[in-house]
Amino acid sequence: MANSRLLDKKVCLITGSARGIGKAIASRFAEEGAIVYANARIAGSIDDWAKECSDKNETQVIPVYFDVTDYVTVKQVIMQINREQQHLDVLVNNAGVVSYELLGMIQPDNLRNMFEVNVVAMIQLIQLASRLMSRQKRGSIINISSIVGVNGVKGQLAYSATKGAVVSLTKSAAKELAPQNIRVNAIAPGMIGTERLSAVLEKNFSERISDIGLGRLGKPEEIANACLFLGSDLSEYISGQILGVDGCTVL
Amino acid sequence: MSNLEKYDEVFMTNFQVSREQLPVLTYQSVSVWDSVGHMGLVASMEESFGIMMDPEDIIGFSSYEEGKRILENYDISV
């Protein structure tokens, strides 16, 4: 396998890797030679895929099972990575939950849970990962936001609020971590054709396809390619940015 | 190297102070132990002792002496 791969031997932790965008990111990173710690919640659920992906790409894809809101376990996994690899190069904060509720229908418990997963857990992961990265004075953190976090949208106020928080926390973390040479960026995907979105799209948002300039849903692999750019040295002078990957969508 | 020697070394390296200054050293008592210096101290302490400190311990790490007590939370006797 060529050693000119963009993430050769880089140690990367990707949350929410069981399916959709996270799985595409983990696969793409493995193709580029990364040692991938792929997170999922259900124990054993990605063992087979991780082995296949490791063998195919002649690298290591290591499943790590935890709920991102479980701070104690998250910390143990970060320490495991430190013990096994002695460093961490890239963190992709992809795990998240989504809901579709009009303002009047927002349920407080759902709202709190969404902030817990999409925002609080993300901040804690950044806290822990950046402490390892600061030792090596190098690292890249990529947070998955959303086009609705940047522009807002009718029918997803709660979700858009959490993703808007991701935008602001990304910019603040970038400023705070720049002296340690840790870059922090976010990706704001548009409508991506994951199973999750496709299921609700037909039901709720079929008219939205016409909002996409390029006339089609995005592919998870297209988000993965943007992550690859931000995770690799190709973007070593880029930090504090929110990269829209939305096919020129106008909401 | 004993735990105490490792502990002292972290302070002396991070803040460029002598061993004699350590017992009275507290947060912000020297210009280099500001909020930025504090995170550097924590990073060095974690690396030296192979631990990751919890946020409340990072905040509570207010002096050279208090740090010794906090390390006990991680089964490290200084």
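Computed from heavy atoms alone, side chains included, the values below leave out hydrogens, waters and symmetry copies. Order of the sequence lines sets the chain letters (A, B, ...), proteins ahead of strands, with each chain counted from 1.
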Filtered by a 4.5 Å non-hydrogen cutoff, the part of residues 58-78 of chain B contacting chain A is B:Ile58, B:Tyr74
Separation between CG (A:Leu128) and CG (B:Asp54), nearest 0.5 Å, reads 8.5 Å
Given A:Gln127, A:Met79, A:Lys75, A:Arg135, the one with more heavy-atom pairs under 4.5 angstrom with chain B than any other is A:Arg135
Value for CD (A:Gln86) from CD (B:Glu47), rounded to nearest 0.5 Å, stands at 10.5 Å
Margin query: Quick check on A:Gln85: does its CD atom have over 12 non-hydrogen neighbours (other residues, nucleotides or ligands) under 6.0 Å away?
Written below: yes
Residues of residues 26-46 of chain B with a heavy atom under 4.5 Å from any heavy atom of chain A, in residue-number order, are B:Met39, B:Val42, B:Ala43, B:Glu46
Across all chains, not counting sequence neighbours, the side-chain hydrogen bond (donor to acceptor under 3.5 Å, both in side chains) partners of A:Asn143 are A:Asn93, A:Thr170
Filtered by a 4.5 Å non-hydrogen cutoff, the part of residues 11-22 of chain B contacting chain A is none
(Q) Within the supplied structure, the quantity of interest is the number of heavy atoms (other residues, nucleotides, ligands) at a distance under 6.0 Å from A:Lys9 NZ; does it exceed 12? (A) no
